[in-house]
2 protein chains.
Amino acid sequence: MKATAAHETTAAHLPGLCSLAPVEHQDFIRQILDRVGDKWSLFVIGALQDGQLRYTDLQRAVPGISQRMLTLTLRQLQQDGLITRTAYAEVPPRVEYALTRLGTSLLTIVHSLIGWAAAHHDEIREHRYGADV
Amino acid sequence: MKATAAHETTAAHLPGLCSLAPVEHQDFIRQILDRVGDKWSLFVIGALQDGQLRYTDLQRAVPGISQRMLTLTLRQLQQDGLITRTAYAEVPPRVEYALTRLGTSLLTIVHSLIGWAAAHHDEIREHRYGADV
DNA sequence: CAGGATCCGCCACGATACTG
DNA sequence: CAGTATCGTGGCGGATCCTG
């Protein structure tokens, strides 16, 4: 309400969390973050970094993932254009999944994140489990 | 890559998702990912990028976050050594939160992720909501 | 082999009320 | 102002069974 609070730069049109991004992109950022935060998507992407894999290969490549989650994750990733799905009309059926260019570009980011995690691994652990070393 | 196709099939001690990282780090990666994937932590970190903020400032800076979630997120981030909490024994009470060096380094990664999201914003949207534009 | 369909437990998260 | 305590819920994700 009241527009007049112009000189008050506070929250109104202010970056907000938006220090990160323009307000218009916020919910989109949220979506991307949700996807990235998905329990499995990054692992699936990681599993595909060396080339295409079949469904069962992925199951083995990502230990602990359930069929349901694998299927769902794959669908989401495909829908976002991060991976491709190629089904061959053979018997037994064969389906290959592979990263798209977009997916590969995301992988780059993921790598730096993993790299960061690995680099500060110990540092964080220290903080978590007793900072006294 | 898998060229040699050793008799020992890959799965057992194999990289697994580990294309991403050594097996020993897997659960740690998971933890980091969980934190990054947190609904709010990245936004809180982003809000702090321009300097320290107080509790209520953060509430306004991160629209939609509840007190409960803000408190929990802050605690986690602090425990991981990503932010610092400084309480002043005044009345009314005042508490300042700020990024640590570690937190700032993570912010860099986050920025590239946000940057990626912004850059491929349209591309992903196309894929999601009907690829026909 | 590559998935669909279904049931269900768990806990992350939100809303609300209270406090030092 | 800066939290804590408590309750309720959605939906994420696991397990299991079924199919083309």
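Model, not experiment: these values are computed from the prediction. In what follows, chains carry the letters A, B, and so on, assigned in the order in which the sequence lines appear, proteins first and then strands, with residues in each chain numbered from 1. Below, all heavy atoms of this structure are taken into account, side chains as well, without hydrogens, waters or symmetry copies.
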message: Has A/Asp34 got a side-chain atom pairing as donor or acceptor with A/Gln31's backbone, closer than 3.5 angstrom?
response: no
query: Hey, does A/Tyr88 reach any base, or is it just sugar-phosphate, or nothing, if we go heavy atoms under 4.0 Å?
result: nothing
- prompt: Touch check for A/Arg68, heavy atoms < 4.0 angstrom, all strands: base, sugar-phosphate only, or nothing?
  reply: base
- prompt: Looking at CG of B/Leu42 and CD1 of B/Ile109, how far apart are the two atoms once the value is rounded to the nearest 0.5 Å?
  reply: 11.5 Å
- request: Could you tell me whether a side-chain N or O of B/Thr100 sits under 3.5 Å from a main-chain N or O of B/Gly81, the two making a donor and an acceptor?
  value: yes
message: Report for the helix from C/dC1-D/dG20 to C/dG20-D/dC1: angle between first-end and last-end helix axes, five pairs each, rounded to 10 degrees.
response: 50°
- request: Working to the nearest 0.5 Å, report the span between CD1 of B/Ile83 and CG of B/Leu74.
  value: 4.5 Å
Gap separating the CZ atom of A/Phe43 from the CG atom of A/Leu58, nearest 0.5 angstrom: 14.0 Å
- prompt: 5' to 3' on DNA chain D, which nucleotides open and close the contacts with chain B (atom under 4.0 Å from a heavy atom)?
  reply: D/dC1 to D/dT6
field: Where chain A begins and ends its contact with DNA chain C, read 5' to 3' at 4.0 Å from heavy atoms
entry: C/dC1 to C/dT6
- line: DNA chain C nearest-nucleotide lookup for B/Met69 and A/Glu96: closer to the 5′ end is A/Glu96
- request: Output the distance between atom CZ (B/Arg128) and atom CD (A/Gln76), rounded to the nearest 0.5 Å.
  value: 8.0 Å
message: Both A/Pro93 and A/Gly37 contact DNA chain D. Which one's nearest nucleotide lies toward the 5' end?
response: A/Gly37
- request: Before accepting this row, confirm whether a basic side-chain N of the pair A/Glu123/B/Arg101 lies closer than 4.0 Å to the acidic partner's carboxylate O.
  value: yes
Interatomic spacing from CG in A/Leu106 to NE2 in A/His111 - rounded to 0.5 Å: 10.5 Å
message: As an exercise, state the distance from OH of B/Tyr97 to CD of B/Gln78, rounded to the nearest 0.5 Å.
response: 7.0 Å
task: Output yes when a side-chain donor or acceptor of B/Tyr88 lies under 3.5 Å from a complementary backbone atom of B/Glu96, and no otherwise.
output: no
